[in-house]
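Each residue takes its place number in the sequence, starting with 1.
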Amino acid sequence: MSNDLQNIKNRFGIIGNFPALNRALEKAIQVAPTDISVLVIGESGVGKEFIPKIIHSESKRKHQPYIVVNCGAIPEGTIDSELFGHEKGAFTGATATRKGYFEVADGGTIFLDEVGELPLQTQVRLLRVLESGEFMKVGSSQVQKTNVRIVAATNVNMMKAIHDGRFREDLFYRLNTVQIDMPPLRERKGDIHLLFRKFSIDFAEKYRMPELELEPSAIHYIENYSFPGNIRQLRNLVEQMTVVERNRQVAVEKLAEYIPMETHLPMVVNNQNAQKQNDFGSEREIMYKILFDMRSDINDLKSLTSELIKNRGTADLSNQEKNLINRIYSAEQTQPVAQNSLLYFEDKSPVVQSAPTIISNADESYEDIEDIEVEENRPESLSLQNNEKDLIIKALEKHKGRRNRAADELGISQRTLYRKIKQYNLED
């Protein structure tokens, strides 16, 4: 690592040695002596604001004004006035002439944060400033000149914004003379613990408390967490734990209470509180839900097959369709339940379907297939029904009786859920 890069990190308090981070800082140092426009790309909370500070401090403009403008925080009706100023009487409430940021920052640097949120009308004005350094105040016809270095940043997918007509393509390429990409924290696994320690020291000093220390299992846990809020989320996490937690040795169970691990990540933590809050936490309930979803798909397929045969007969079926139906029903006959298989229907009690006739190329039909009712007290049927009833009750309780959300949770239609409610006498 070069001395310049290490000096920059020390001066701005930047922690980490991830290659993509070092590359972003090196590019900022390289372009700083020039007046090239820079666009910083990165997710929210990754530290994009450090790049324009570095560029300004390493440029010949470092003794001139440095102004930060959050484009997403200024209302659309007033952003032109904020950026370019206005004349007295230009609009209601304009009681005096006002200078805009581009006039105030003449000779310095303007950082346009969240530039992707700029209105299209403002984008036209900004493009003119970038191309010629000229602008006009709102309500004025006099052209003014400014000499401003522009650094912009966004977490928006700019190509999609251009495609959707929300951002001008010519302005994008004018801003994007040099692009600097800031990596998300989840890609900087080796830097996460370093940042945790840095924030722990800072907040321990601020609140006059002992530092937080992570146990080895907690270090592994935090390095595998995705951190959707990036460095900002990690900083807030450390500050909160510094103030709230009495035990300064942080175990993985305690850390999981603040940042529960996502289900798609490979590491699983046994968090009893989270399990109690999860209506479908047990493995058995999850398996039953999967079985019910599969049952619904199979019923739809069989219903479609039955309608196909009733409407067209087997004579109109192609060889490909016959082979598909044969394969479906032949697979059922090979299951461990011998010749019969348990099926569920939305508006029927459980039935056992006898082994069907296989379609041949000859003109045959499915009239030989018949359904035989199962005894109501069959243990397997009662077990499945009871579990299905429990799942429906839990889904309704979880969503406070909102059947549309309960149906989405169970993976069934609202009509099917209504039938089940009637079947199990679950009416309010």
Side-chain angles (χ1 to χ4, degrees), residues 27-28 30-41 48-49 51-91 94 96-154 156 158-159 161-180:
K27 289 178 72 174
Q30 290 171 356
V31 302
T34 70
D35 285 333
I36 295 176
S37 299
V38 178
L39 180 62
V40 186
I41 303 292
K48 297 188 294 295
E49 66 277 4
I51 299 299
K53 289 180 181 179
I54 293 171
I55 292 175
H56 180 71
S57 66
E58 295 296 306
S59 71
K60 59 187 178 182
R61 301 172 180 265
K62 60 184 177 181
H63 299 299
Q64 300 300 321
Y66 171 72
I67 295 180
V68 180
V69 182
N70 189 334
C71 301
I74 304 175
E76 182 175 348
T78 61
I79 191 167
D80 284 354
S81 172
E82 293 289 329
L83 292 176
F84 308 106
H86 64 258
E87 294 289 345
K88 180 179 178 180
F91 50 86
T97 300
R98 181 185 181 279
K99 292 183 178 181
Y101 296 134
F102 278 96
E103 186 175 357
V104 174
D106 188 20
T109 304
I110 286 185
F111 172 39
L112 299 177
D113 197 11
E114 303 302 339
V115 71
E117 305 297 331
L118 280 177
L120 288 173
Q121 179 182 353
T122 307
Q123 292 178 32
V124 176
R125 288 174 172 264
L126 179 59
L127 181 61
R128 184 179 180 185
V129 174
L130 285 166
E131 290 178 342
S132 62
E134 297 178 346
F135 70 95
M136 287 191 297
K137 291 182 179 180
V138 176
S140 173
S141 59
Q142 182 180 358
V143 177
Q144 295 182 243
K145 298 281 288 186
T146 185
N147 178 18
V148 172
R149 168 78 172 274
I150 295 179
V151 181
T154 183
V156 174
M158 297 301 286
M159 300 312 297
I162 292 171
H163 181 268
D164 295 342
R166 294 183 288 109
F167 202 85
R168 292 179 62 93
E169 186 174 10
D170 49 0
L171 177 58
F172 169 72
Y173 289 114
R174 193 67 180 81
L175 287 171
N176 197 32
T177 307
V178 174
Q179 178 174 316
I180 297 179

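Summarising the geometry, atom OG1 belonging to Thr177 is positioned 11.0 Å from atom CG belonging to Asp35; distances are rounded to the nearest 0.5 Å. Taken to the nearest 0.5 Å, the CD atom of Glu169 stands 11.0 Å off from the CE atom of Met158. Between the OG atom of Ser81 and the NZ atom of Lys99 there is a distance of 14.5 Å, given to the nearest 0.5 Å. Note that CD of Glu117 and CZ of Arg166 are 7.5 Å apart. Values are rounded to the nearest 0.5 Å. In this structure, the separation between CD1 on Ile54 and CD on Glu49 is 10.0 Å, given to the nearest 0.5 Å. Rounding to the nearest 0.5 Å gives a distance of 10.5 Å between CD1 of Ile180 and CD1 of Ile41.
Under the rule for a side-chain contact (heavy atoms from CB on, under 4.5 Å), the partners of Arg125 that lie at least two apart in sequence or sit in another chain are Asp80, Phe84, Val138. Qualifying side-chain contact (heavy atoms from CB on, under 4.5 Å) partners for Pro119, counting only residues two or more places apart in sequence or in other chains: Glu76, Ile79, Thr122. Residues forming a ring pair (Phe, Tyr, Trp, His ring centres under 6.0 Å) with Phe91 (at least two apart in sequence, or on another chain): His86. The side-chain contact (heavy atoms from CB on, under 4.5 Å) check on Met136 picks up Arg128, Val143, with sequence neighbours excluded. Applying the side chain to side chain donor-acceptor pair (under 3.5 Å) criterion to Tyr66, with sequence neighbours excluded, gives no partner residue.
Screening Leu112, Val129, Thr78 for a side chain to side chain contact (heavy atoms under 4.5 Å, CB included) involving Leu83 leaves a single residue, Leu112. Screening Glu103, Glu87, Glu82 against Arg98 for a side chain to side chain donor-acceptor pair (under 3.5 Å) leaves a single residue, Glu82.
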Assess whether side-chain contact (heavy atoms from CB on, under 4.5 Å) is satisfied between Phe111 and Val40, documenting all intermediate values. CA-CA 10 Å; Phe111 172 39; Val40 186; 5.5 Å; no
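Arg168 contributes no side-chain N or O that, together with a main-chain N or O of Val124, makes up a donor-acceptor pair within less than 3.5 Å. A donor-acceptor pair under 3.5 Å is absent between the side-chain atoms of His56 and the main chain of Ile67, judged by distance alone. Looking at Lys137, its side chain never comes within 3.5 Å of a backbone N or O of Gly100 through a donor-acceptor pair. With hydrogens and angles ignored, the 3.5 Å screen pairs a side-chain donor or acceptor of Gln123 with a backbone N or O of Leu118.
Counting all heavy atoms, side chain and backbone alike, Gly165 lies closest to Leu120 at O-CD1, 3.7 Å. Nearest approach of Ala90 to Gly139, heavy atoms of both residues: CB-CA, 3.9 Å. The shortest non-hydrogen separation linking Arg174 to Leu130 is NH2-O, 2.7 Å. Minimum interatomic distance between Lys88 and Thr97 (heavy atoms only, all atoms of both residues): N-OG1, 3.5 Å. Between Ala28 and Ile55 the shortest heavy-atom distance is O-CG1, 3.8 Å.
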Acceptor/donor pairs from residues 144-152 side chains to any protein atom, 3.5 angstrom cut, sequence neighbours excluded:
residue: Lys145; atom: NZ; partner: Ser132; partner atom: O; Å: 2.9
residue: Thr146; atom: OG1; partner: Phe102; partner atom: O; Å: 2.7
residue: Asn147; atom: OD1; partner: Arg61; partner atom: NH2; Å: 2.9
residue: Arg149; atom: NE; partner: Ile36; partner atom: O; Å: 2.6
residue: Arg149; atom: NH1; partner: Ala32; partner atom: O; Å: 3.3
residue: Arg149; atom: NH1; partner: Thr34; partner atom: O; Å: 2.3
residue: Arg149; atom: NH2; partner: Val31; partner atom: O; Å: 3.1
residue: Arg149; atom: NH2; partner: Ile36; partner atom: O; Å: 3.2

